[in-house]
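Each remark here refers to the structure printed beneath this line.
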Amino acid sequence: MLPPTPMTLSEKIIARAAGKDSVKPGGIVTCAVDLAMMHDSSGPRRAGKMLDQLGVAPWDTSKIVIVTDHYVNDPDPGSVKTQEITRQWVADKKIGNFYPEQGICHVVLPEKGHLKPGMFCVGADSHSTTGGAFGAFMIGVGATEMTGVLATGEIWVRVPETLRVSVSGTLSDGVAAKDLILKLCGDIGIMGANYMVVEYGGAAVRAMSVDERMTLTNMAAELGAKTGIIAADETTAEMLAAAGAGDVDINAWQGDEDAPVARTIDIDGPVLGPQVAAPTSPENAAEVAEHAGMSLGQAYIGACTGAKLEDLRMAARVVRGRKIAANTRFFVAPASILIHEAAAVDGTLKILEDAGATILPTGCGGCIGLGPARLDEDMTGISTTNRNFVGRAGPESSKLYLASAYTVAAAAITGEITDPRELLARGVGK
Amino acid sequence: MSAEKEPIEGRAWVFGDNIDTDQLAPVPSYMNKEPEEGCKMCLQAVDPDFAASVGKGDVFVAGNNLGIGSSREQAPQYLKMLGIRAVLAKSFARIFYRNTLNYGLPALVCAEAGRINPGDEVRVDPLAGTVENLTTGETLEAEPLPEHLLTMIADGGLLAHLEKKLTPGK
């Protein structure tokens with residue numbers, strides 16, 4: 001008998017979902033979907049409508065999760081209508097896994113225990129790649145594609161080549177996963193991992209919390225990748241157990257060390273410094289010093305990418321005992337209700353509010369140019385979000401820099417782009 | 001075997017690298033506009049004659065990263081409405097690639113697409129993965145599409161395929 005073909009974690013998951021012993025990059029296979037996630041923008045009003053036009057029922061309501069996060073807390077009649085359509089469809093189809101206004105879908109999904117290592121998942125949103133932080137293979141799809149999944153429970157995929165990113169050591173203080181992913185965007189560009197799966201590993205990634213790992217897989221989308229993935233370990237298992245995901249078998253879902261990969265990038269963790277991505281692309285990433293002193297009208301900590309509990313705590317460390325600059329407004333929109341509650345209990349929100357932050361309700365909000373954190377005409381802002389394309393977070397005349405929660409918080413205090421390590425080094429309030 | 005699984009023969013429209021979804025389907029082309037009107041703006045910034053001149057059965061040829069940008073499905077929809085019957089590119093942006101196939105258009109990765117000149121008559125065989133340049137006499141290699149995707153394309157795209165498969169009496 002031939003020895004089993006060594007496979008990456010992604011290949012193992014795809015093979016399992018396709019009912020095959022092995023798969024190879026470039027092959028096209030049909031996979032059974034373990035979970036399909038939609039939000040109020042892509043879901044019932046678009047994919048749901050097409051499914052109804054087909055006249056078929058969802059293949060398995062227990063495997064569908066619907067989260068409202070895009071057009072929430074918005075009095076616009078179109079937004080109100082979208083919420084009505086969503087709720088009605090959920091009620092009609094008896095979708096049990098419905099989380100209205102509980103937070104941003106990519107954060108709510110694991111929080112509610114829906115993800116586990118080895119799962120094959122799809123989401124009707126380009127940042128569905130986030131789910132890879134839990135050792136699952138999760139891809140973003142369009143609304144027509146989602147209609148097909150809802151109807152059949154299947155999807156075809158081209159097995160992606162793997163880009164392996166290995167980060168050594170640990171990140172230094174004041175440096176976060178966001179800096180790492182922005183550095184990658186700058187180094188290989190926004191199409192640098194086109195078709196590929198980005199597999200993150202190495203000591204620095206193993207040392208990261210689940211919150212930080214999610215930032216890496218979330219922004220695999222900004223590398224053009226099909227998705228990002230991080231093999232589960234004790235850290236993942238602990239988080240998932242707390243979320244009620246049930247038994248998690250981390251050993252069953254590890255890639256083979258000798259599996260061939262298309263490309264490997266090694267990053268020296270300890271030497272990485274804070275990054276900012278200048279308008280109008282995440283690939284315009286540079287060391288924070290290159291843009292230091294740029295005056296800012298707004299600092300925003302929000303989105304699936306940058307408003308998890310750990311992001312809020314990073315910001316609190318920087319602003320503790322300080323006040324925000326007069327020229328800069330500072331908004332914080334926790335990525336979920338549970339994060340909001342945890343940050344209230346541990347005092348994080350109080351520290352942010354004392355510094356002058358306005359705490360906003362959870363939702364996609366400012367990241368997609370909605371709500372109070374929408375950038376104004378000609379305004380330049382900095383945020384913990386994932387994209388800074390023209391017109392993404394405000395009018396076309398607005399400009400946006402992307403950075404970590406440390407760097408965004410430092411900017412809120414000084415009113416300009418600032419290396420957060422300068423504030424951290426001075427100590428509380430100085 | 002349906003017609004679409006057989007080779008597609010037509011005139012080549014050749015474009016370069018990084019043709020993005022804003023060029024294929026500019027935002028004003030679908031804001032309060034029907035696709036029949038909107039498709040006339042397809043690629044207007046790159047080749048103002050394209051939409052008016054492209055003929056039924058023609059073949060779209062591009063360089064690397066065809067379809068980069070948003071997930072908007074109007075991009076392949078317009079190409080199909082204008083008459084394009086096959087899309088060749090050195091490489092595709094992945095969401096556009098899937099949207100194109102889901103819209104019922106064969107999308108083939110052809111590393112040698114650069115060897116096709118504007119106006120060449122080409123014959124594309126999606127099943128065999130070959131592109132014959134009838135003008136130059138060359139045969140180029142493309143990556144073949146699997147049978148199940150060709151069936152979906154022959155049915156007219158994913159929704160039409162599902163309708164046929166799931167609600168045959170409809």
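Below, chain A is the first sequence line, B the second, and so on; all start at residue 1. When reading the values below, keep in mind they use all heavy atoms of this one structure, side chains included, and skip hydrogens, waters and symmetry mates.
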- Task: Determine whether more than 12 heavy atoms belonging to other residues, nucleotides or ligands lie under 6.0 Å from atom CG of A:D76.
- Result: yes
Please round to the nearest 0.5 Å and tell me the distance separating atom [atom1] of [X] and atom [atom2] of [Y].
X      : Y      : atom1 : atom2 : value
A:M50  : B:L158 : CE    : CG    : 9.0 Å
B:E143 : A:R158 : CD    : CZ    : 6.0 Å
B:L166 : A:W59  : CG    : CH2   : 13.5 Å
B:I95  : A:E145 : CD1   : CD    : 9.5 Å
A:T227 : B:R94  : OG1   : CZ    : 8.0 Å

May I ask you to test the [X]-[Y] pair for a side-chain heavy-atom distance under 4.5 Å?
X      : Y      : result
A:V157 : B:R98  : yes
A:L54  : B:L159 : yes
B:V109 : A:Y195 : yes

- Item | Distance-minimising heavy-atom pair for A:A143 and B:E73 |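 Taking every non-hydrogen atom into account, N-OE2, 4.2 Å.
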- Partner set under side-chain contact (heavy atoms from CB on, under 4.5 Å) for B:D20, not counting sequence neighbours: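 For B:D20, the residues satisfying side-chain contact (heavy atoms from CB on, under 4.5 Å) (neighbours in sequence not counted) are B:D22, B:Q23, B:I68.
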- Taking side-chain contact (heavy atoms from CB on, under 4.5 Å) as the test, write out the residues that go with B:T136, two or more places apart.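 If we apply the side-chain contact (heavy atoms from CB on, under 4.5 Å) test to B:T136, skipping adjacent residues, the hits are B:D120, B:N133, B:E138.
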Toward chain A, the part of [X] with a non-hydrogen atom under 4.5 Å:
X      : answer
B:L162 : both
B:H148 : side chain
B:F92  : both
B:L101 : side chain

